[in-house]
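Heads up: the structure comes next, in structure tokens.
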Number of protein chains: 2
Amino acid sequence: MSPEMDSRTKHIEESGIFFENVGLPRMAGRIFGFLMVSDKQDVSFEELTRALKASKSSISNNVRILINIGFIKAISHSGERKTYYCLSPEVDWVDYLKKRIQNFEHFRKLLENGYELRPDKNDDTSEWLKYGIDFYIWISERLDDLLEEWRQKVEKTKQNSQGKR
Amino acid sequence: MSPEMDSRTKHIEESGIFFENVGLPRMAGRIFGFLMVSDKQDVSFEELTRALKASKSSISNNVRILINIGFIKAISHSGERKTYYCLSPEVDWVDYLKKRIQNFEHFRKLLENGYELRPDKNDDTSEWLKYGIDFYIWISERLDDLLEEWRQKVEKTKQNSQGKR
DNA sequence: TTTTTGGTTCTGCAAGCACAGAACCAAAAA
DNA sequence: TTTTTGGTTCTGTGCTTGCAGAACCAAAAA
């Protein structure tokens, strides 16, 4: 990183690294980061290739990834052929988290399966497994409650702001 | 998979695939799965290489990974040079989850940084960022509460079982 | 019709990674 | 001391993946 790199560029690269850390392409993170700090509301495909100095193929593929995740959205303007992209206003954090929480479920099933297969269910290892299973059952329930709570909170806020109008 | 593969082998391989899906080596998952369903309380290094048909280097590296994560533990028996491994009885699910939750914090910081860098903080994108930031602040707090709740639950159970003795 | 534009899909390459096997090393045994 | 044991670290290989550039394609423009 050159020292005179501006804070936006730095932000974009950091976003890329973060995405990489969670198993997504760096370029997808760069696009996401760029959309965050762009002074425009929506950015064209062509601007992305130019701003991020990336090939069309890379932008094309990574834009699709971001759309699938639900982080960004394609929009078009009448009388124009170009496609523009912006952070998806409809992104559902709850749904997004729910998908990530499914890993817990999967892991719990793995523990349960292991427990079932143990020859002696009264030893330390079995106890350990039981404890882990209990924890995951408990935390999954609680997380569901939490997400429902948030959903209602949002619902209420929406009604409020509608009432104000 | 041959049809006559027994359920333990199947479990071990499934564990391997699961680990792979969350970004860890398949072999680490196999070891974890094997320790789950082994009829022994602890398993030697050599038995792992034999049972999983893997090289010493692979076992060595992946055992270290599992120890670092905190999933398994090395133990030794007096009068013996061999090292044995078992599912770590001290594994702290709470700590484990906390580490995974740190990703949320990191992501929130990314959103906050993006928000700070926006030229116009009154447009839709900024609103979107603010909403996301709020959500992550809220969920982080709630998760901390949850983990604390679980910790206390465990504490209580421990006291109970001690009282019974 | 032919040409241009906007974007997708195909091809090839470079980097990263999990694994095996070999070389290695320290501690115990002989 | 030398030999054996138990395990780690080094080296090479095949597989995967992100990317660029080229080929491609459909729709609009000319």
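Each chain gets a letter, A, B and so on, in the order its sequence line appears, and its residues count up from 1.
A salt bridge between E127(A) and K130(A) is present, with a side-chain N of the basic residue lying under 4.0 Å from a carboxylate O of the acidic one.
When rounded to the nearest whole Å, the span between CG of N68(B) and P of dT8(D) equals 12 Å. Across the protein-nucleic acid pair, K82(A) atom NZ and dT4(C) atom P stand 17 Å apart, rounded to whole Å. In this structure, NZ of K56(B) is placed 14 Å from P of dC24(C), rounded to the nearest angstrom. In this structure, CE of M27(A) is placed 5 Å from P of dA20(D), rounded to the nearest angstrom. When rounded to the nearest whole Å, the span between CZ of R50(A) and C1' of dG7(C) equals 16 Å. Put simply, OH on Y85(B) is 12 Å from P on dG6(D), counting in whole angstrom units. For the pair R26(A) CZ and dT17(D) C1', the computed distance is 13 Å after rounding to whole Å. The CG atom of N21(B) sits 14 Å away from the P atom of dT16(D) (whole-angstrom rounding).
Ring pair Y136(A)/F107(A) is perpendicular by interplanar angle, where above 60° counts as perpendicular and below 30° as parallel. Ring geometry, F19(B) versus F32(B): the interplanar angle falls from 30° to 60°, so the pair is classed tilted.
At a threshold of 4.0 angstrom between heavy atoms, the contacts of S58(A) are confined to the sugar-phosphate backbone, with no base atom among them.
For G79(B) and F45(A), each mapped to the nucleotide of DNA chain C holding its nearest heavy atom, the one lying further toward the 5' end belongs to F45(A). Comparing K53(A) and R81(A) by the nucleotide of DNA chain D that holds the closest heavy atom to each, the one mapping nearer the 5' end is K53(A). Mapping T83(B) and N62(A) onto DNA chain D by nearest heavy atom places T83(B) at the nucleotide closer to the 5' end.
Around the NZ atom of K121(A), the shell of radius 6.0 Å holds more than 12 heavy atoms that belong to other residues, nucleotides or ligands.
No hydrogens or angles were tested; on distance alone, a donor-acceptor pair under 3.5 Å links the side chain of S57(B) to the base of dG21(C).
When side chains are defined from C-beta on, L111(A) does not count as touching R108(A), because their heavy atoms never get closer than 4.5 Å.
The two residues S88(A) and G70(A) have their closest heavy-atom pair at CB-O, 3.5 Å.
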Does the salt bridge (charged side-chain N to carboxylate O under 4.0 Å, His left out) test come out yes or no for E46(A) and R50(A), once each step is laid out? CA-CA 6 Å; E46(A) 184 269 337; R50(A) 206 158 21 83; 2.8 Å; yes
With pairs defined as Watson-Crick or G-U wobble and both distances under 3.5 angstrom, please note down DNA chain D as a dot-bracket string, | for pairing with another strand. ||||||||||||||||||||||||||||||
